[in-house]
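Everything on this sheet refers to the single structure shown next.
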2 protein chains.
Amino acid sequence: MAVTMNDVARAAGVSLKTVSNVLNDYEFIRPATKQRVQDAIAELGYEANLTARSLRSGKTSMLGLVLSDLSAPYYAELASKLMKAAAQRGYRVLVEQSDAEGSVELNALQGPFRQLTDGLLFTPLAIDADAVAARVGKKPLVMLGEHIVDPRFDLVTMKNREAAAAITTHLLSSGRRRIAVIGAHPGESTGSAGLRLNGYRTALEEAGVPFDPALVAPAVWRRDNGATALAGLLDAGVRFDAVFGLNDVLALGALHELQIRGVRVPQDVAVAGFDDIDEARFASPSLTTVSPGMDEIAERSIGLLLDRIAGNETAATGVHVEAGFELKIRESAP
Amino acid sequence: MAVTMNDVARAAGVSLKTVSNVLNDYEFIRPATKQRVQDAIAELGYEANLTARSLRSGKTSMLGLVLSDLSAPYYAELASKLMKAAAQRGYRVLVEQSDAEGSVELNALQGPFRQLTDGLLFTPLAIDADAVAARVGKKPLVMLGEHIVDPRFDLVTMKNREAAAAITTHLLSSGRRRIAVIGAHPGESTGSAGLRLNGYRTALEEAGVPFDPALVAPAVWRRDNGATALAGLLDAGVRFDAVFGLNDVLALGALHELQIRGVRVPQDVAVAGFDDIDEARFASPSLTTVSPGMDEIAERSIGLLLDRIAGNETAATGVHVEAGFELKIRESAP
DNA sequence: TTTCCGGGATACATCGTTGCAGAGAAAGGC
DNA sequence: GCCTTTCTCTGCAACGATGTATCCCGGAAA
């Protein structure tokens, strides 16, 4: 049996509630009493039972993080930073992998997962705003990413359009004119893929370069798909002098395929990505990409969520935060 | 207020305890009663309160996973697989990042983190077996990795020595004679670094190739350190025709540095790694490495831990499991 | 001296479950 | 027809903490 508050109370010769008061920094306790209780706690090695505390208080000190796949480098790095930011403020993060399955996402909103957490960081991929709205209870929820942009929800995101436009402009300014895009999600206009593609088109337009749909290859955002999508373009005889992978793993997969085929990077084809995962810096050649301000995203989203939980943030409508971005010009597209 | 068992009981016209019995699949309930309770549950949208259940039962249905850094690809992939394996059996995984800090590791063994979980998957890096033994309570703990190999603890690991020897032999068999090693941890003999280095030396010995300490570069296992360590060797004028990174990110960092310096891989220098992270397949050139059976490790460690929790595994001494390995011969060292 | 006030401590109920013990009814054995 | 066993369901206590209400006491005010 573990040591309980009762044991401490007995040892200190005070009531149960006084021990509780000491632990919760209640204002009016005589210093001597407080000391006695603290000594007893130290002596017995008492540790508060978090489960009991949760039951009574209704708080768990855990935040939920729903994402598709923790093994994707972007999510792994993000999760790591979120956990550190949360830990600094006394919270833990419980991760749920959805595999982009709608059913999992829905369950995360109302099932046991929700119960275990005081608030949710949610990266929806399969469900839409109304589905979320219908199921989200009164517990705070902050959207991450851009699949759902809706005034009803708090949102922390990045400048997808602007950053994609900036990197496209960079490619254009180095003389590239036929820039293939890998990782489009046809029909999508709000998600990351849609916004980044939009940024790409905006940049082309500004530069007066015509948009060629043949250059756009759809792909689910995984490394292997980056390679196959690029292979598809080459095999179809599409000609291009640059590749913009809508995220880094796609770009790296494409880079790999180019090198297999003996296409020189950046001489024959320049390659750019998006995310600036650790790996991008050390690819061969190193990958030109966009750093979307992951540190800022982690800090702000944890901050916003905790403000909602504490009731410090009271905006009736969703707060939208956009982190800044930074181009990382490297060897693959100088 | 959420719907409680009491509400369900009232709605179904049975006692609180009967509802509990239905939920816990108690044997002796009339089908009609069971049905009535289930209907009431469905109608009211009742969901069991996990916190209350935990308090009463002493189980949380969560497993703890302690590792140094979730953003390291190997750990990210492992965590992802562990979470999936656990989810299949009705458990969640709560991750704690230790940053290889002893204090964090110790706290994970006894603090709140331990309380929140029914069992621990532990990758110790900073503390030793006695420190663990002194603090580990009665809750099950399974060691992952090889920093601590001790008959007192359950352990799921990989064939570090054998696999490292196999890949070294592969390099030797392709004619390489001076194989640099990156990522050694001086003075360590039991951890992954120590065992893999040991395997390397064994293979050299068997092949009758002399061991040259100058070829061994220490490095903490991160990509950037792989690059700097390799640069150090080159700058020191050490000559070699192959590089064995003790894990993949080290090898990839080294690969990057080689390419910056214009060293051709594999023509001038072959490169091999260890872990077979997703990235290895798509590096340029693709990375020869060892797949350490991560799926098996994930399955077996979750299985073992849950067996301990359920009391199905009763061996008084630690159970040691070693997953099989497989060489992945790719372009960087054909 | 009495009254009032606020600091300092306490008792009790409560959060929503599950374990234990037991009650009542039906079924089986002689 | 009685006793035992099996089934079905119930009530109460308990898990370990916190919120509310209350009580006691010493000093200030009347």
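Lettering follows sequence order; numbering is per chain, from 1.
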Handout entry: L16(A) vs A52(B), nearer the 5' end of DNA chain C by closest nucleotide
Key = L16(A)
Practice task
Would you kindly give the CG-to-C1' distance between N24(A) and dG19(D), to the nearest whole Å?
Solution key: 11 Å
Practice task
Can you tell me the distance, in whole Å, between the CZ atom of F28(A) and the P atom of dG6(C)?
Solution key: 10 Å
Completion exercise
Rounded to whole Å, the CD1-P distance (I29(A) to dC25(D)) equals 20 Å
Handout entry: dT18(C) OP1/OP2 closer than 4.0 Å to side-chain N/O of S20(B)
Key = yes
Completion exercise
Of the listed dG19(C), dG16(D), dC9(D), the closest approach to the N49(A) side chain comes from dG16(D)
Exercise for the section: Pick base, sugar-phosphate or nothing for S57(B), based on heavy-atom distances below 4.0 Å to the nucleic acid. Expected result: nothing
Handout entry: Side chain R30(A) and base dA9(C) donor-acceptor under 3.5 Å
Key = no
Handout entry: Heavy-atom donor-acceptor pair, R56(B) side-chain to dT18(C) base, under 3.5 Å
Key = yes
Problem - Pair R10(A) + D7(A): basic N to acidic O under 4.0 Å - result: yes
Exercise for the section: Scan Y26(A) against the nucleic acid and name what it touches under 4.0 Å (heavy atoms): base, sugar-phosphate only, or nothing. Expected result: nothing
Exercise for the section: Name the residue closer to the 5' end of DNA chain D, choosing between Y46(A) and K34(B) according to the nucleotide with the nearest heavy atom. Expected result: K34(B)
Problem - Side-chain H-bond candidate by donor/acceptor type, D69(A) with S71(A), under 3.5 Å - result: yes
Exercise for the section: Take the protein atom CE of M5(A) and the nucleotide atom P of dG16(D), then report the distance between them rounded to whole Å. Expected result: 12 Å
Practice task
Please check the phosphate of dT10(C) (OP1 and OP2 only) for any side-chain N or O of T18(A) closer than 4.0 Å.
Solution key: yes
Problem - Below 4.0 Å: OP1/OP2 of dG16(C) and any side-chain N or O of T4(B) - result: no
Exercise for the section: Scan T33(A) against the nucleic acid and name what it touches under 4.0 Å (heavy atoms): base, sugar-phosphate only, or nothing. Expected result: sugar-phosphate
Handout entry: Whole-Å distance separating the CG atom of L50(B) from the P atom of dT17(C)
Key = 9 Å
Handout entry: A48(A), nearest nucleotide to its side chain (from dA17(D), dA9(C), dT17(C))
Key = dA17(D)
Practice task
Would you kindly give the NZ-to-P distance between K17(A) and dA13(C), to the nearest whole Å?
Solution key: 15 Å
Handout entry: Sugar-phosphate only, base, or nothing, as touched by N6(B) at under 4.0 Å among non-hydrogen atoms
Key = nothing
Exercise for the section: Give a yes-or-no answer on whether the side chains of T18(B) and S15(B) include a donor-acceptor pair shorter than 3.5 Å. Expected result: yes
Exercise for the section: Have a look at Q115(B) and say if it touches a base, only the backbone sugar-phosphate, or nothing, with a 4.0 Å heavy-atom cut-off. Expected result: nothing
Problem - Value in whole Å for how far the C1' atom of dC12(C) lies from CG of N21(A) - result: 14 Å
Exercise for the section: Assign L55(A) to base, sugar-phosphate, or nothing according to its heavy-atom contacts below 4.0 angstrom with the strands shown. Expected result: base
Practice task
Determine whether the side chains of D118(A) and T60(A) contain a donor N or O and an acceptor N or O closer than 3.5 Å.
Solution key: yes
Problem - Distance-only side-chain donor-acceptor flag, Q97(B) / S80(A), under 3.5 Å - result: yes
Practice task
Could you tell me the separation between the CZ atom of R53(A) and the P atom of dC15(D), rounded to a whole number of Å?
Solution key: 18 Å
Problem - Flag if over 12 foreign heavy atoms under 6.0 Å of CZ, R300(A) - result: no
